[in-house]
Amino acid sequence: MNNEGLPPATAPHPLASEFLTSADRLEACPRDDVPEVAFAGRSNAGKSSTLNRLTGRRQLARVSKTPGRTQLINFFAVNAGGRLVDLPGYGYARAAKSSREAWGQAVDQYLNRRTNLVCIVLVMDARHPLKPFDRDMIDWCAGRSMPLLALLNKADKLGRGERARVLRSVEAEVPPDTLTLLFSAATGLGADEAIVAVREQLNRG
């Protein structure tokens, strides 16, 4: 309690966010210079759950039992400044081929032409990391000197020894300045460190 007998004020969540808009192509993205951190990952890696954990909002990004439901580029305005961007999940085979091609084109345009982008958060399933898509994103970031945060989600499903082995194997494959974290959207493992890292990138932008 403080001197006035009131409970201490709760600090605002550093990544508290609100949905802003969705886009199906680069031209439909917000037109400004607000820095953006984009979340990428295979459609079964738990990207939406990761966003919800990091923003402290259970339903900010829609979580579905059917992977691959994120079909648009979704933008979330962070109250403290900056934006988080949820890129369409990659690799869901049941989506129509035409839809997959459209998603891929939109993501390619965003990654290669969006000047607001300051960092990529790559969400991988810790049990099955470094799939071809993951390696492609790592190589893309390395080739453009794009800051990368690698989150090994679902690490709570691994034993301690396996966690350490997976962490070492991924760290050996990413650029040397990449922050790689064991993470769990379900339990919050690694969430505090990830929040700090994302906030730092938005502040730099």
Side-chain angles (χ1 to χ4, degrees), residues 37-54 61-74 84-112 114 117 119-187 189-191 193-194 197-198 201:
V37 170
F39 287 69
R42 287 181 56 82
S43 51
N44 59 354
K47 183 162 51 63
S48 294
S49 297
T50 295
L51 267 166
N52 290 340
R53 168 64 70 173
L54 295 183
R62 182 174 59 179
V63 177
S64 172
K65 293 183 179 179
T66 303
R69 286 291 176 85
T70 302
Q71 301 179 13
L72 299 170
I73 299 174
N74 294 311
L84 306 180
V85 181
D86 187 9
L87 299 177
Y90 174 87
Y92 185 51
R94 287 179 57 189
K97 181 179 179 181
S98 59
S99 295
R100 294 201 306 270
E101 290 174 348
W103 303 346
Q105 184 178 33
V107 171
D108 285 347
Q109 289 179 350
Y110 176 87
L111 291 175
N112 291 299
R114 184 69 170 168
L117 180 61
C119 177
I120 293 288
V121 177
L122 177 58
V123 182
M124 292 180 275
D125 187 329
R127 301 166 298 177
H128 312 287
L130 301 174
K131 295 296 186 180
F133 169 80
D134 303 324
R135 292 183 182 276
D136 286 346
M137 284 303 309
I138 291 168
D139 290 344
W140 184 90
C141 289
R144 290 160 178 77
S145 298
M146 175 65 65
L148 173 65
L149 169 62
L151 297 183
L152 300 174
N153 192 28
K154 307 182 184 181
D156 58 297
K157 299 181 182 296
L158 299 176
R160 182 176 299 177
E162 185 67 5
R163 290 184 193 180
R165 185 195 67 78
V166 168
L167 182 61
R168 288 195 302 269
S169 68
V170 174
E171 287 178 332
E173 298 287 338
V174 297
D177 57 347
T178 299
L179 176 61
T180 304
L181 294 174
L182 293 166
F183 186 85
S184 171
T187 68
L189 172 69
E193 296 94 329
V198 171
Q201 292 296 336

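Reckoned from all heavy atoms, side chains included, excluding hydrogens, waters and symmetry mates.
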Peer 1: Out of curiosity, L151 CG to S184 OG, how far, rounded to the nearest 0.5 Å?
Peer 2: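 Taking CG in L151 and OG in S184, the distance rounds to 11.0 Å.
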Peer 1: Has K47 got a side-chain atom pairing as donor or acceptor with L87's backbone, closer than 3.5 angstrom?
Peer 2: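 Yes.
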Peer 1: Are any non-hydrogen side-chain atoms of W140 and N112 less than 4.5 angstrom apart?
Peer 2: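 A side-chain contact under 4.5 Å exists here.
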Peer 1: How many angstroms lie between atom CG of L122 and atom CZ of R135, to the nearest 0.5 angstrom?
Peer 2: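 One gets 11.5 Å once the value is rounded to the nearest 0.5 Å.
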Peer 1: Less than 4.0 Å between a side-chain N and a carboxylate O, is that true for E171 and R168?
Peer 2: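 The answer is no: the pair does not qualify as a salt bridge.
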Peer 1: Which atoms form the tightest heavy-atom contact between L189 and A155, and what is the distance?
Peer 2: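 That closest heavy-atom pairing would be CD2-CB, 3.9 Å.
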Peer 1: Kindly compute the distance separating CD (E173) from CD1 (I138), expressed to the nearest 0.5 Å.
Peer 2: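 Between atom CD of E173 and atom CD1 of I138 there are 7.0 Å.
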Peer 1: Assess whether a salt bridge exists between D134 and R42, defined as any Lys/Arg side-chain N lying under 4.0 Å from an Asp/Glu carboxylate O.
Peer 2: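 Looking at R42 together with D134, the answer is no, because their closest N to O distance does not fall below 4.0 Å.
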Peer 1: If I take atom CD from residue E162 and atom NZ from residue K157, how far apart are they, to the nearest 0.5 angstrom?
Peer 2: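 Between E162 CD and K157 NZ, I get 14.5 Å after rounding to 0.5 Å.
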Peer 1: Contact between V37 and V121 at the side-chain level, heavy atoms closer than 4.5 Å - yes or no?
Peer 2: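 When only atoms from C-beta onward are counted, V121 and V37 do touch, with a gap below 4.5 Å.
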Peer 1: Quick one: does N153's side chain get under 4.5 Å of M124's, heavy atoms only?
Peer 2: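 Counting from C-beta outward, N153 and M124 never come under 4.5 Å.
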Peer 1: Determine whether L72 and D86 make a side-chain contact, defined as any pair of heavy atoms from C-beta on separated by less than 4.5 Å.
Peer 2: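 Side-chain contact under 4.5 Å: no.
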Peer 1: Which heavy atom of P129 sits nearest to which heavy atom of V166, and what is that distance?
Peer 2: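 Shortest heavy-atom separation between P129 and V166 comes out as CG-CG1, 4.0 Å.
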Peer 1: Applying side-chain contact (heavy atoms from CB on, under 4.5 Å) to L84 and F39, what does each step give before you reach the verdict?
Peer 2: CA-CA 7 Å; L84 306 180; F39 287 69; 4.0 Å; yes
Peer 1: Which heavy atom of Y110 sits nearest a heavy atom of A38, and at what distance?
Peer 2: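 Looks like CE2-CB, 3.9 Å.
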Peer 1: Donor-acceptor pair, distance only, cut-off 3.5 Å: does the side chain of T178 make one with the backbone of P175?
Peer 2: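 Present.
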Peer 1: Do V170 and L152 have side-chain heavy atoms sitting under 4.5 Å apart?
Peer 2: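 They are in side-chain contact.
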Peer 1: About how many Å separate CG of L111 and SG of C141, when rounded to the nearest 0.5 Å?
Peer 2: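 Reported to 0.5 Å precision, the distance equals 8.0 Å.
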Peer 1: What are the two closest non-hydrogen atoms of L149 and C119, and how far apart are they?
Peer 2: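 Closest approach of L149 to C119, heavy atoms only: N-SG, 4.4 Å.
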Peer 1: Given the rule in the side-chain contact (heavy atoms from CB on, under 4.5 Å) test, do K154 and F183 qualify, once you have shown the distances and angles that lead to the verdict?
Peer 2: CA-CA 6 Å; K154 307 182 184 181; F183 186 85; over 6 Å; no
Peer 1: Rounded to the nearest 0.5 Å, what's the gap from OG1 on T180 to CG on L148? Could you check?
Peer 2: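 Taking OG1 in T180 and CG in L148, the distance rounds to 7.0 Å.
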Peer 1: Under the side-chain contact (heavy atoms from CB on, under 4.5 Å) criterion, do M137 and I120 qualify, and how do the steps go?
Peer 2: CA-CA 9 Å; M137 284 303 309; I120 293 288; 3.9 Å; yes
Peer 1: Shortest non-hydrogen contact from A185 to T50?
Peer 2: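 Between these two residues, the closest heavy atoms are CB-N, 3.8 Å.
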Peer 1: Write down the atom of F133, the atom of A40, and the distance for their closest heavy-atom approach.
Peer 2: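 In terms of heavy atoms, the two residues are closest at CZ-CB, 4.3 Å.
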